Enquirer: 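This structure is in structure tokens; I'll ask about it shortly.
Worth saying up front: this structure is predicted, and the values here are computed from it rather than measured. Letters go in sequence order (proteins before strands), and every chain restarts at 1.
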Amino acid sequence: MSDKKPTPKLDELETGPWPSFVREMKRAAETSPMAEGLLGVVELSYEDRVGHWKHGGVVGVRGYGAGVIGRYSDVPEQFPDVAQFHTMRVNHPAGWFYKTDALRKICDIWERHGSGLTNLHGATGDVILLGTKTEELEPAFEELTENGFDLGGSGSVIRTPSCCVGPARCEWACFDTLALTYDLTRHFQDEIHRPSLPYKFKIKASGCPNDCVAAIARADLSVIGTWRDAIEVDEAALADYVRAGVDVRRDVCDLCPSRCLTWDDKTLTIDNAACARCMHCINVLPKALRPGRERGACLLIGGKAPIVSGAMLSSVLVPFMKIEPPYTELKELIGKILELWADEGKNRERVGEFIQRVGLGSFLEAIGLEPRPEMVKHPRENPYVFYEEYFEEEPK
Amino acid sequence: MRKTDIGPPHYGQFLPPVIQANYGKWRYHEIPRPGVLVHVAESGDRLYTVRAGSPRLLSVQTIREICDLADTYCDGYLRFTSRHNIEFLLTDPAKIEPLVADLAARGFPVGGTGHSISNIVHTQGWIHCHSAATDASGIVKALMDELVGHFTTMALPGKLRVALACCVNMCGAVHCSDIAILGIHRRPPKINQERLPKVCELPTVVASCPTAAIRPTRKDGHDSVEVAEELCMFCGNCFTVCPAMPLNDALNDGVSIWVGGKVSNARSEPAFSKLAIPFLPNNPPRWPEVVEAVTRLVDVWAANARHYERMGEWIERIGWPRFFRMTGIEFTKQHIDDFRHAETTFKRSVHLKG
């Protein structure tokens, strides 16, 4: 029995200038009954305004506890071809660079073993292979690994680390985001593939404070490039911008958050001690200004979306760290954080929520980091201060 | 021998020769036209990038078509961005024009650079998610059909990052976007009393609720839970640990709109998005209320913000009362926070603008 049914509502989303996901489902449906079934299920959702996927279901590949999301339809009798519609998360190459032969291999594998539908890419960074049956998981995995691709993370694991384009194509990268991401991913394979943590743990690396992978909002551990010395100025290039009509005072100096730039119509003066390293002036004048030479990263901790107790931005953990192979200092720090949180964290408590519960001061003490003024916007305002010990008068 | 734990392929094998030769030695970049970047290396080498929008959901047929383009124009090298765009990497500037024309003929818009709206980061919605309060791809398609002109040009005051998550799990992490479209439930979970004892661990269910709305009880002779409905804020955490407590509901599910968030540190600090519109109905296939509301927000910001001023920076300057007046959005009880640390969002001065 075929799942082919008319899709009048979805058909309306084939028109218009933006590329249509409905066209993608229909293209895949030319060769995949699963994609045809998906069209029917989504059309049904458009009619009755609720989703038709059931919660959960434990499926996976042998030896792994992560990388596959089980998915079952709640209308299997109407759409038997998508009664099972599991997702495989495939660990992407750092920076999402591909040669077409590698992408074509993924396409061939997914045409043989799945719906032929993908996401390039999911929000965590993985290649998402969307929709297959339980019996296809192991053969698909085998072909993926034969061709150099492994699964990514899902559930209570270190999730697939991801990063910005970094030094591959960006003049602002303050460390090698791709090399770090690849190295950490290899180093933590076991923690990515086999759940052993209270909840998910995301690591994202951005090469500069522009934070193109949104590490500060989305990663439990955000590695964001920065520098410690002076912004470099190329006077000739600056003069070119001025000749081309850039209003340095209005568009650069007046928008500097720390007002550390002054422009006297000829010379740009930078008070680097006052600079917040926000990137604005460099963004506006990429030819004339660049981050300093003493480069590294700021490590921040605890970013997350709302579930469970509300959204959090990452906050400063290490104001500056050199990020160079073999990344021993960073790996040891991550190890200490994971060990503490795995021991003391509650089920489904992200590391940021854990820190809220135990206090940042106690957390720092437990992982062996000294408190630093860079970690807070300002010192405490409330006078209820915890002390674990007090003095007693010695008996005379 | 079965291979496991091999990790991802090394990115190095996928970098075009011009990147391998100039890795970490880029000097500066320019945007010669919307959707086209040129990066210039210390060596003088030039790398051109043509950025095209994609619907994120891609069939293998379309990926092969994209590969054909990369083979024809870029020696087979391409990459993707964190916002689902496709980037073709070229060294021959003479090939840019033919590639752009080829992309246009195949229905891929070129843009998303500089002061534009980039592709909308989004989640699975009704295509694949069990907790979706709305669809994702459908709203994005309907909205981008309307806003595509801001993708293919760079005439906006600053960058505009729009994101959509189909429930508060926020797999797309939309909580720090200039404009965030968020699917929300508005009805407490419907407990399936017959299924619950078979599929759920009760202490875990009780512990899962951030507001302690779920309490142990006896139902029909077995241990179960009840929900204090007035405490429920529809987060769905209980559903994630207990499939017998679904929240999906056609009448009460819909979309909320949030504004003024950002992740970049440029100028102002990273910030959360704030509530603009508490609820709009699910109205597939084209969600006209959502498209109208977001388009209005873009228009008002574009007409009033200063050069480089992002949505949140603009609102910060003019003040929230004026934002609500200018956009015509009604300010309601729902706009006042009542969860953790709510009081830190109350106005504690008479610095009242507007």
Enquirer: Side chain, backbone, both or neither: which part of B:Leu47 has a heavy atom under 4.5 Å from chain A?
Expert: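 Only the side chain of B:Leu47 comes within 4.5 Å of chain A.
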Enquirer: Does a donor on one side chain and an acceptor on the other come within less than 3.5 Å for A:Asp211 and B:Ser264?
Expert: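 Their side chains do not contain a donor-acceptor pair, so the 3.5 Å distance test is not met.
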Enquirer: Can a side-chain donor-acceptor contact be found between B:Thr4 and A:Gln189 if the only test is distance below 3.5 angstrom?
Expert: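 B:Thr4 and A:Gln189 do not have a side-chain donor-acceptor pair below 3.5 Å.
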Enquirer: Heavy atoms only, distances under 4.5 angstrom: which of B:Gly236, B:Pro270, B:Ala266 has the most pairs with chain A? Name it, please.
Expert: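 Looking at each of B:Gly236, B:Pro270, B:Ala266 in turn, B:Ala266 comes out on top.
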Enquirer: Under the ring pair (Phe, Tyr, Trp, His ring centres under 6.0 Å) criterion, do B:His84 and A:Trp96 qualify, and how do the steps go?
Expert: CA-CA 10 Å; B:His84 320 314; A:Trp96 301 292; 9.4 Å; no
Enquirer: Measuring heavy-atom distances to chain B, does A:Asp11 have an atom under 4.5 Å in its side chain, in its backbone, in both, or in neither?
Expert: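 Neither part.
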Enquirer: Check this for me, if you would: do A:Glu138 and B:Arg2 make a salt bridge, where the nitrogen-to-carboxylate-oxygen distance has to be below 4.0 angstrom?
Expert: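 A salt bridge is present here (some side-chain N lies under 4.0 Å from a carboxylate O).
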Enquirer: Carefully, step by step, assess B:Phe80 and A:His92 under the rule ring pair (Phe, Tyr, Trp, His ring centres under 6.0 Å).
Expert: CA-CA 10 Å; B:Phe80 293 81; A:His92 62 288; over 10 Å; no
Enquirer: Check whether A:Lys304 gets within reach of chain B through its side chain, its backbone, both or neither, counting any heavy atom under 4.5 Å.
Expert: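 Answer is backbone: N, CA, C or O of A:Lys304 sit under 4.5 Å from chain B.
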Enquirer: Can you tell which part of B:Cys176 gets under 4.5 Å to a heavy atom of chain A, answering side chain, backbone, both or neither?
Expert: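 Side chain only.
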Enquirer: Quick one about A:Asp126 and A:Asn91 (side-chain donor to acceptor, distance below 3.5 Å, no hydrogens or angles considered), yes or no?
Expert: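 Absent: no donor and acceptor within the cut-off.
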Enquirer: Answer with side chain, backbone, both or neither: which region of A:Arg348 has an atom nearer than 4.5 Å to a non-hydrogen atom of chain B?
Expert: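 Only the side chain of A:Arg348 comes within 4.5 Å of chain B.
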Enquirer: Please classify the contact between B:Thr134 and chain A as side chain, backbone, both or neither, with a heavy-atom cut-off of under 4.5 Å.
Expert: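 For B:Thr134, neither part sits under 4.5 Å from chain A.
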Enquirer: Give a yes or no on whether the backbone of B:Tyr308 and the side-chain of B:Arg267 come within a donor-acceptor separation of less than 3.5 Å.
Expert: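 Yes; judged by distance alone, with no hydrogens or angles, the pair exists.
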Enquirer: Can you tell which part of A:Arg169 gets under 4.5 Å to a heavy atom of chain B, answering side chain, backbone, both or neither?
Expert: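 For A:Arg169, backbone and side chain are both near chain B.
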Enquirer: What part of B:Thr204 lies closer than 4.5 angstrom to a heavy atom of chain A: side chain, backbone, both or neither?
Expert: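 Answer is side chain: those atoms of B:Thr204 sit under 4.5 Å from chain A.
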Enquirer: For B:Asp75, is it the side chain, the backbone, both or neither that has a heavy atom under 4.5 Å from a heavy atom of chain A?
Expert: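 The backbone, not the side chain.
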Enquirer: Under a 4.5 Å heavy-atom cut-off, does chain B meet the side chain of A:Ala288, its backbone, both or neither?
Expert: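 For A:Ala288, there is no contact with chain B at all, as no heavy atom is under 4.5 Å.
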Enquirer: Heavy-atom distance under 4.5 Å to chain B: side chain of A:Tyr64, backbone, both or neither?
Expert: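 Contact with chain B involves the side chain of A:Tyr64 alone.
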Enquirer: Just give me the residue among B:Ser59, B:Pro246, B:Ser131, B:Ala142 that pairs up with chain A most often, heavy atom to heavy atom, under 4.5 Å.
Expert: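 Maximum pair count with chain A is reached by B:Ser59.
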Enquirer: Non-hydrogen atoms of chain A under 4.5 Å away: do they reach the side chain of B:Glu87, the backbone, both or neither?
Expert: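 It is the side chain, since no backbone atom gets that close.
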Enquirer: Closer than 4.0 angstrom, basic N to acidic O: yes or no for B:Lys3 and A:Asp150?
Expert: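 Result for this pair is no, no salt bridge flagged.
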Enquirer: Examine whether an atom of A:Cys212 lies under 4.5 Å from a heavy atom of chain B, and if so say whether it belongs to the side chain, the backbone or both; otherwise answer neither.
Expert: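 For A:Cys212, backbone heavy atoms alone lie under 4.5 Å from chain B.
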Enquirer: Would you check if the distance from the ring center of A:His193 to the ring center of A:Phe141 is below 6.0 Å?
Expert: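 Judged by ring-centre distance (under 6.0 Å), A:His193 and A:Phe141 do not meet the cut-off.
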Enquirer: Top residue by heavy-atom pair count (under 4.5 Å) with chain A, among B:His122, B:His307, B:Lys262, B:His341?
Expert: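 Ranked by contacts with chain A, first place is B:His307.
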Enquirer: Is NZ or CZ of A:Arg71 both nearer than 6.0 Å to the six-membered ring centre of A:Phe85 and within 45° of the ring axis?
Expert: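 Pair A:Arg71/A:Phe85 does not count as cation-pi.
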Enquirer: Side chain from CB out, backbone as N, CA, C, O: work out which of these in A:Cys170 comes under 4.5 Å of a heavy atom of chain B, or both, or neither.
Expert: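 Just its backbone gets close to chain B.
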Enquirer: Where on B:Leu37 is there a heavy atom nearer than 4.5 Å to chain A: the side chain, the backbone, both, or neither?
Expert: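 When you check distances to chain A, only side chain atoms of B:Leu37 fall under 4.5 Å.
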Enquirer: Among B:Asn248, B:Val60, B:Asp253, single out the residue with the greatest number of heavy-atom pairs under 4.5 Å to chain A.
Expert: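 Of the candidates given, the most pairs with chain A belong to B:Val60.
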Enquirer: When you check the side-chain N and O atoms of A:Asp74 and A:Trp53, is any donor under 3.5 Å from an acceptor?
Expert: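 There is no such pair between these side chains.
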Enquirer: For the CD atom on B:Glu269, are there more than 12 heavy atoms of other groups (residues, nucleotides or ligands in this structure) within a distance under 6.0 Å?
Expert: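 Open: at most 12 neighbouring heavy atoms sit under 6.0 Å from CD of B:Glu269.
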Enquirer: If I measure from the heavy atoms of chain A, does B:His39 come under 4.5 Å with its side chain, its backbone, both, or neither?
Expert: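 Just the side chain, heavy atoms under 4.5 Å.
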Enquirer: Output the option from A:Asp190, A:Asp251, A:Asn347, A:Leu10 having the highest count of non-hydrogen pairs under 4.5 Å with chain B.
Expert: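 Top option by heavy-atom pairs under 4.5 Å: A:Asp251.
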Enquirer: Which bit of B:Asp135 comes within less than 4.5 Å of chain A, counting heavy atoms only: side chain, backbone, both or neither?
Expert: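 Looking at B:Asp135, just its side chain touches chain A.
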Enquirer: Going by atom types alone, do A:Tyr182 and A:Asp176 pair a side-chain donor with an acceptor below 3.5 Å?
Expert: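 No, because no side-chain N or O of A:Tyr182 sits under 3.5 Å from a partner of the opposite role on A:Asp176.
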Enquirer: Using a cut-off of under 4.5 Å on heavy-atom pairs, state which of B:His128, B:Gln124, B:Arg56, B:Glu30 scores highest against chain A.
Expert: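 Looking at each of B:His128, B:Gln124, B:Arg56, B:Glu30 in turn, B:His128 comes out on top.
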Enquirer: I need the residue from A:Ala123, A:Ser309, A:Ala237, A:Ser45 with the largest number of non-hydrogen atom pairs under 4.5 Å to chain B.
Expert: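 Of A:Ala123, A:Ser309, A:Ala237, A:Ser45, A:Ser309 has the most heavy-atom pairs under 4.5 Å with chain B.
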Enquirer: Side chain, backbone, both or neither: which part of A:Thr15 has a non-hydrogen atom closer than 4.5 Å to chain B?
Expert: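 Both backbone and side chain.
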Enquirer: Are B:Lys141 and A:Phe21 in a cation-pi contact, defined as NZ or CZ under 6.0 Å from the six-membered ring centre and within 45° of the axis?
Expert: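 So B:Lys141 doesn't make the cation-pi contact.
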Enquirer: With a 4.5 angstrom heavy-atom cut-off, could you sort out which part of A:Val22 is near chain B: side chain, backbone, both or neither?
Expert: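 Neither part; nothing is under 4.5 Å.
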Enquirer: Quick test of your reading of the model: are A:Arg290 and B:Glu42 salt-bridged, counting only N-O distances below 4.0 Å?
Expert: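 Looking at A:Arg290 and B:Glu42, the cut-off is met.
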Enquirer: Under 4.5 Å heavy-atom distance to chain B, tell me which part of A:Val90 shows up: side chain, backbone, both or neither.
Expert: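 Contact with chain B is absent: no heavy atom of A:Val90 under 4.5 Å.
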Enquirer: At a heavy-atom separation under 4.5 Å, does A:Thr87 approach chain B through its side chain, its backbone, both, or neither?
Expert: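 Answer is both: backbone and side chain atoms of A:Thr87 are under 4.5 Å from chain B.
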Enquirer: Answer with side chain, backbone, both or neither: which region of B:Phe339 has an atom nearer than 4.5 Å to a non-hydrogen atom of chain A?
Expert: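 When you check distances to chain A, only side chain atoms of B:Phe339 fall under 4.5 Å.
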Enquirer: Quick check on A:Ile282 against chain B: is it the side chain, the backbone, both or neither that has a heavy atom closer than 4.5 Å?
Expert: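 For A:Ile282, there is no contact with chain B at all, as no heavy atom is under 4.5 Å.
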Enquirer: For A:Leu129, which of A:Asn119, A:Ile106, A:Ile109 qualifies under side chain to side chain contact (heavy atoms under 4.5 Å, CB included)?
Expert: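 So, applying the side chain to side chain contact (heavy atoms under 4.5 Å, CB included) to A:Leu129 and each of A:Asn119, A:Ile106, A:Ile109, only A:Ile106 qualifies.
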Enquirer: With chain A, which of B:Ala70, B:Ser137, B:Ala52 has the greatest number of heavy-atom pairs at distances under 4.5 Å?
Expert: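 Option with the greatest count: B:Ser137.
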Enquirer: Any chance the rings of A:Trp18 and B:Phe151 have centres within less than 6.0 Å?
Expert: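 Yes; B:Phe151 has its ring centre under 6.0 Å from that of A:Trp18.
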Enquirer: For A:Lys54, is it the side chain, the backbone, both, or neither that has a heavy atom closer than 4.5 Å to a heavy atom of chain B?
Expert: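 Contact with chain B is through the backbone of A:Lys54 alone.
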Enquirer: Between B:Asp5 and A:Arg194, does any side-chain N to carboxylate O distance fall below 4.0 Å?
Expert: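 Result for this pair is yes, salt bridge flagged.
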Enquirer: If we count only N and O atoms by modelled type, under 3.5 Å, do the side chains of A:Lys204 and A:Ser162 hold a donor and an acceptor together?
Expert: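 A:Lys204 vs A:Ser162: donor-acceptor pair found between side chains.
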Enquirer: Looking at A:Ala214, A:Pro93, A:Ala168, A:Gly148, which has the largest count of heavy-atom pairs under 4.5 Å with chain B?
Expert: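 Counting heavy-atom pairs under 4.5 Å, the top option is A:Ala168.
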